[in-house]
Amino acid sequence: MRRLAHSLILLLLISSSLTTFAANTKPASKQDASNDPRLAGAVRRPAEHGWTYVHLAGTPSVIGFQHGYLLAPEIEDALRVEKIELPHDNQKDWQFFRDAAQNMMWPHIETEYREELQGIAEGANAAGVKLDVWDIVALNGGIELPSYYLPWLNKSEHATTTPVIRPDGHCSAFIATGGYTKGGKIVVAHNNWSSYADGERWTVMFDIQPEHGHRMVMDGEPGVITSQDDFGVTDAGLIITETTITQFIGWDPDGKPEFVRSRKAMQYASSIDEYVSIIKEGNNGGYANDWLVGDRKTGEIAYLELGLKNTPLWRTKDGYFISSNFPRDPALIKNETDGFDSSDKSTSMNARHVTWERKIASSKGQIDVNLAEEFLGSHDDSFTGKVGPDARTLCGHIDADPHGVPEWGDPPYYPDGAVTGKVTDSDLAASLSLIGRAGHPCGEDFVAAPFFVAHPEFGYLKPILKDMKAGPWTRFSAGEK
């Protein structure tokens, strides 16, 4: 609590000017801003197979303004989702998360990213959407605040009537190189797992060309400055993805938000070593992930298990790393998880671990982006030995699983699972390209109406949960018009 008090004192020194900024941010008409010079060079393409591509370029504040203006309706819609899901799951209203964004996160956000966040709010206002910078910061902290900060706060305050909160698991992924891939090039693949209400909106393809640092192509959410499910390529030759560490516990109130560190690392790192250094700097423990990073310039790949106290790094130029929300470091499992059991093969995390191992081993020397796409759509359940969608398959369908995922707090049939797939390799990354599929990577559609008939217990999601149609695999590249 002493460190929290220190942060709050620091906030008081700047809160007056920041509050004035938020209070004086007023929506303007879209017509007023349509000729704003800050929009010069910005591009939003018509939706393509479920994805919305935007190109953003310039200073931090200009990139933010372009982001907020071009994606204003989507940002407003994303906030509507958060305002329904977060209070239901955490018994805290949206104002709680706005306050946490201002008091816990803002003092530790660097100027560059403050300007970009403020720019998003200004751009959305200019497009006629009423919100302020604290809404935007809370949206960016939409994983860290409820799943990492709030459990720490409840424990610090000795709260006894709060719900048990467990970090959601996000994603299935692999990275391979050398003798494991066709031609020896790096191949990377990743499924984003989230609630369907979130995932249906996690379909923006960002092409960001900042004033400083490297150009990036990444998937992401409207209003968020980092990929958040974290799949991206950069003109430094880096290929980046991750999956969440299940049952992780830990938070440093004096640390930098993860959404800042992950964005900064993608933007400024030119090597694996630089990436690791940047994302570890000021680590707050929020959104603790296993990071898979490749450098197409060298053919080397790495696996960083980024806990708060334990941060082991593995690397190779001839091999692979797989990830499906299971921690692998014994010290981290012992000291930084709430009893993760690596031996229980019935869990989603461990069952997918087994499936990944089998698929990589059986395809050694043949792995390419086409095979990677097949992997991401797999319905193999290694625990039952059957084929069919559930919470244990690489293409997850928790809505079809009578057990749910208790390690994440997901009840039976909760509408959650794989919501997008992305693949790339060294050759594609050289042209800042990746291939994505919106919706279930297996190609199946989620249809909301019959789901609500079968599962009325999730009726609170009706205002935000819609059909999630699977599109085709679609290539995206930097500089598209």
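To the nearest 0.5 Å, atoms CE (M218) and CZ (R263) are separated by 6.0 Å. Rounded to the nearest 0.5 Å, atoms CD1 (I278) and CG (D273) are 11.0 Å apart. We find the CG-NZ distance between L79 and K130 to be 14.0 Å, quoted to the nearest 0.5 Å. Taken to the nearest 0.5 Å, the CG atom of L139 stands 11.0 Å off from the CD1 atom of I225. For the atom pair CD1 (I136) and CD (Q118), the distance works out to 11.5 Å, reported to the nearest 0.5 Å. The distance from atom CD of Q228 to atom CG of D219, rounded to the nearest 0.5 Å, is 10.5 Å.
With a 4.5 Å cut-off on side-chain heavy atoms, V188 and L292 do not count as touching. Under the 4.5 Å side-chain criterion, counting only non-hydrogen atoms from C-beta, I245 is in contact with D290. Residues P210 and I63 are in side-chain contact: their nearest non-hydrogen atoms beyond the backbone lie under 4.5 Å apart. Between V260 and M105 the shortest side-chain heavy-atom distance does not fall below 4.5 Å. Using a 4.5 Å cut-off on side-chain heavy atoms (C-beta onward), S431 and R475 make contact. Taking 4.5 Å as the limit, every side-chain heavy atom of F96 sits out of range of all side-chain heavy atoms of N90. Under the 4.5 Å side-chain criterion, counting only non-hydrogen atoms from C-beta, I175 is not in contact with T241. Looking at L304 and I279, their side chains come closer than 4.5 Å, going by heavy atoms from C-beta outward.
T424 places a side-chain N or O within donor-acceptor distance of the main-chain N or O of S433, the cut-off being under 3.5 Å. H55 places no side-chain N or O within 3.5 Å of a backbone atom of A478 that could act as its donor or acceptor partner. With hydrogens and angles disregarded, no donor-acceptor distance shorter than 3.5 Å links the side chain of K469 to the backbone of G50. R296 contributes no side-chain N or O that, together with a main-chain N or O of L428, makes up a donor-acceptor pair within less than 3.5 Å. Judged by distance alone, the side chain of S426 and the main-chain N or O of I186 form a donor-acceptor pair under 3.5 Å. S194 contributes a side-chain N or O that, together with a main-chain N or O of G199, makes up a donor-acceptor pair within less than 3.5 Å. A distance-only check finds a donor-acceptor pair linking the side chain of H108 to the backbone of P253 [under 3.5 Å]. In terms of modelled atom types and a separation under 3.5 Å, the side chain of R80 and the main chain of P463 share a donor-acceptor contact. Without hydrogens or angle criteria, D425 side chain to V369 main chain gives no donor-acceptor distance under 3.5 Å. Looking at D445, its side chain never comes within 3.5 Å of a backbone N or O of V447 through a donor-acceptor pair.
The salt bridge (charged side-chain N to carboxylate O under 4.0 Å, His left out) pairs that include a residue from residues 192-206 are D77-R201, where partners are two or more places apart or lie in different chains.
Across every non-hydrogen atom of F452 and L465, the tightest pair is CZ-CD2, 3.7 Å. Pairing each heavy atom of W291 with each of S262, the nearest pair is CH2-CB, 3.9 Å. Residue E336 comes nearest to K309 through the heavy atom pair OE1-N, 2.9 Å, listed as atom of the first residue, atom of the second, then distance. The minimum heavy-atom distance linking W51 with W202 is given by the pair CZ3-O, 4.1 Å. When all heavy atoms are compared, the tightest approach of P441 to N191 is CG-OD1, 3.1 Å. Nearest heavy atoms, S172 versus L394: OG-O, 3.4 Å.
You'll find the ring centres of Y148 and W251 outside the 6.0 Å limit. Annotation: Y196 is not in aromatic contact with H397 [ring centroid separation under 6.0 Å not met]. A distance below 6.0 Å separates the ring centres of H67 and F206.
The closest side-chain donor-acceptor pair between T474 and E48, if any, does not fall under 3.5 angstrom. Side-chain contact of E144 with N284: a donor-acceptor pair under 3.5 Å is present, judged by distance alone. A donor-acceptor pair shorter than 3.5 Å can be found between the side chains of Y287 and E242. For the 3.5 Å distance criterion, the side chains of D252 and W152 fail to qualify, holding no donor opposite an acceptor.
Between W408 and W193, the ring planes lie perpendicular to each other; the angle is over 60°, past the 30° to 60° tilted range.
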- request: For D36 and F65, run side chain to side chain contact (heavy atoms under 4.5 Å, CB included): C-alpha distance rounded to whole Å, both residues' side-chain angles, the deciding distance at 0.1 Å, then the answer.
  value: CA-CA 10 Å; D36 192 302; F65 184 86; 3.8 Å; yes
task: Please test L56 against L70 for side chain to side chain contact (heavy atoms under 4.5 Å, CB included), starting from the C-alpha separation and ending with a verdict.
output: CA-CA 10 Å; L56 314 175; L70 294 178; 4.1 Å; yes
- request: Decide yes or no on side chain to side chain contact (heavy atoms under 4.5 Å, CB included) for F97 and K92, but give the supporting numbers first.
  value: CA-CA 8 Å; F97 294 102; K92 298 290 186 183; 3.8 Å; yes
message: Quick one, W473 with L376, criterion side chain to side chain contact (heavy atoms under 4.5 Å, CB included). Give me CA distance, side-chain angles, the key distance, then yes/no.
response: CA-CA 12 Å; W473 290 98; L376 293 182; 3.9 Å; yes
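Of the residues listed (E74, R44, Q66), the one engaging V54 in a side-chain contact (heavy atoms from CB on, under 4.5 Å) is R44, and it is the only one. A side-chain contact (heavy atoms from CB on, under 4.5 Å) with E258 holds for exactly one of L306, N283, N140, D230; it is D230.
The side chain to side chain donor-acceptor pair (under 3.5 Å) check on Y53 picks up D207, with sequence neighbours excluded.
A salt bridge links K256 with E281: the distance from a Lys NZ or Arg NE/NH1/NH2 to an Asp or Glu carboxylate oxygen falls below 4.0 Å.
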